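Down below is the structure, laid out as structure tokens.
Please read all numbers here as calculations on a predicted model, not as lab measurements. A note on names: the letters A, B, ... follow the listed sequences, proteins ahead of strands, and every chain is numbered from 1.
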There are 4 protein chains.
Amino acid sequence: MANSLNKVMLIGHLGDEVKMHYFEGGNCIGRFPVATNESYSNRQTGEKVTTTEWHNVVVRNKLAELCEKYLSKGDRVFIEGKIKTRQWEQEGVKRYSTEIHALDMTFLTTKKDLNNPVPSNTTEPIENKTTSAPPLSDAADDLPF
Amino acid sequence: MANSLNKVMLIGHLGDEVKMHYFEGGNCIGRFPVATNESYSNRQTGEKVTTTEWHNVVVRNKLAELCEKYLSKGDRVFIEGKIKTRQWEQEGVKRYSTEIHALDMTFLTTKKDLNNPVPSNTTEPIENKTTSAPPLSDAADDLPF
Amino acid sequence: MANSLNKVMLIGHLGDEVKMHYFEGGNCIGRFPVATNESYSNRQTGEKVTTTEWHNVVVRNKLAELCEKYLSKGDRVFIEGKIKTRQWEQEGVKRYSTEIHALDMTFLTTKKDLNNPVPSNTTEPIENKTTSAPPLSDAADDLPF
Amino acid sequence: MANSLNKVMLIGHLGDEVKMHYFEGGNCIGRFPVATNESYSNRQTGEKVTTTEWHNVVVRNKLAELCEKYLSKGDRVFIEGKIKTRQWEQEGVKRYSTEIHALDMTFLTTKKDLNNPVPSNTTEPIENKTTSAPPLSDAADDLPF
DNA sequence: TTTT
DNA sequence: TTTT
């Protein structure tokens, strides 16, 4: 039983495909961006403004594989998870990246299985081009989550 | 009615005092860090590890003033809010800072009002007189266990 | 991964002690009422009104034992769980009881361990007087929760 | 700022159409049942069991009108609200009905506007045939609210 | 930088 | 970079 609470709940759309990373021990991690929107009326002009917030979602192992299999860019999901901020140094400057580590999820639209069961090699064609690797990806094996 | 959800809920302790900023139009903003902890057992060594996550909490106007008045470093709070990531450029490099914009809050310990004003023996004087049982307790008796 | 969500989060105070029930297989269940309050201003009179909502909280096994050990009437808790409505017939009339099945919890005040480590036999003296038993108690062993 | 929390979040499907009630002052209320499901494996037999939980959702005024306009039986919604238990006496017996008072909502499928912009008189053609009625629907009719 |  |  925890003595603190770190809970995030999102409903939004994937801005890109799920990018998978496989580790030696058999673990894997998936990453994808999720957009949430907020609308409000500008006080002066009265015009409606929509702002978009982007969330870096991280999933692991079984959940990651389900996401890769069933989620595509544009799909809507409900995500329950927690906030984690990674930090690293780049050229002497501390940098931070905040991620949403998803623990539970509900697929709210799954184009893939509904429209057409596409051959898996055509859905994520350039999955391997992940040039800029996130700092912690190597260490992921001995992380708590 | 929104078509997306961006919800954060935290229970944690303030790592520092509330820092206020006042704007010309009469608006104000308060900022303070909140720590949440997570414990897990290391798979190899079996030893218990506690990690701390720090959240940059932002409050506005009335809520900010309440926080400044009643919250101190070390106090425990429940926070409901949303995630916002600000970005800016520093020396040509995009930098990000993720904040929790608090919309509702519950003070779970407020040292300020507990420690000084009232003598502690007058705060819960008749704690034992809870004569009136909660509505459902009677019904509960004749319920399935 | 669920395709639906049934989530409850409460912060409130216990209206009574935790009542334990032990089953043959070694399982146990604890029950206690939790009060949440809501204040609003009456539109006509402008006077502030506070209403109290009572929640029938149910905990199982390990969590139940922790609750019995550390929670007392008046203590404040954070509860995360789900809603379950049981139904049964009484004299030909369908009756319902809605419960909050707690899955996670944070103790926000624990008078017991802070003030005095009272001998457990003095805290819940009449724990065994659970006279009226019920529909679901037998089935409890093979229930989902 | 509240000193307690009474929060419910649901993702589920409507078990019936939205039933509206209009009051003299211009206020209105809408009611509809929402089902959430949970699956688990029976420990003995190992077979997968799905249980359904029915929630009595209550909406007011603007939100009620949006629900009536855009939601139909079978639609999926995300609901954020609070738990309220009403009590009344029937033939000398105290009876309880627990409702989810929705404060915010996200329509996750809206068959009405997506499939065909049906003329409003054809949208609830067989409203009275409620064969598989959710538990509380009968009781709800003759309740206070 | 908090807390247990 | 999503979606309405």
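Partners of A:K7 according to the salt bridge (charged side-chain N to carboxylate O under 4.0 Å, His left out) rule, which considers only residues two or more places apart in sequence or in another chain, are A:E80, C:E80.
A straight line from OH of B:Y96 to C1' of F:dT1 spans 12 Å, rounded to a whole angstrom. In this structure, the NE2 atom of B:H55 is 16 Å from the P atom of E:dT3, given to the nearest Å. Summarising the geometry, the separation between CG on A:N56 and P on F:dT1 is reported as 15 Å, rounded to the nearest angstrom. Following rounding to the nearest Å, B:E17 (CD) and E:dT2 (C1') show an atom-to-atom distance of 11 Å. Atom-to-atom, CD of A:E53 to P of F:dT1 comes out at 16 Å; the value is rounded to the nearest Å. Look at CG on A:N6: it is 17 Å from C1' on E:dT4, rounded to the nearest Å. The interatomic distance linking C:F107 (CZ) with E:dT4 (C1') rounds to 13 Å, in whole Å. As rounded to whole Å, 12 Å separates atom P of E:dT3 from atom CG of A:N3.
Counting only heavy atoms from C-beta on, A:A35 has its side chain closest to F:dT2 among E:dT1, F:dT2, E:dT3. Here the nucleotide nearest the side chain of B:W54, chosen from F:dT1, E:dT1, F:dT3, is E:dT1.
Nucleic acid contact class of A:T52 (heavy atoms, under 4.0 Å, all strands): base.
Between B:T50 and B:D16, the residue anchored closer to the 5' end of DNA chain E is B:D16, taking for each the nucleotide with the nearest heavy atom.
Salt bridge A:E53/B:K82: absent, no basic N to carboxylate O contact under 4.0 Å.
Here salt bridge (Lys or Arg N to Asp or Glu O under 4.0 Å) pairs that include residues 94-105 of chain B, with residues two or more places apart or in two chains, are B:R31-B:E99, B:R86-B:E99.
The side-chain contact (heavy atoms from CB on, under 4.5 Å) with C:C28 is formed by just one residue from the set C:R60, C:E68, C:K62, C:M20; it is C:M20.
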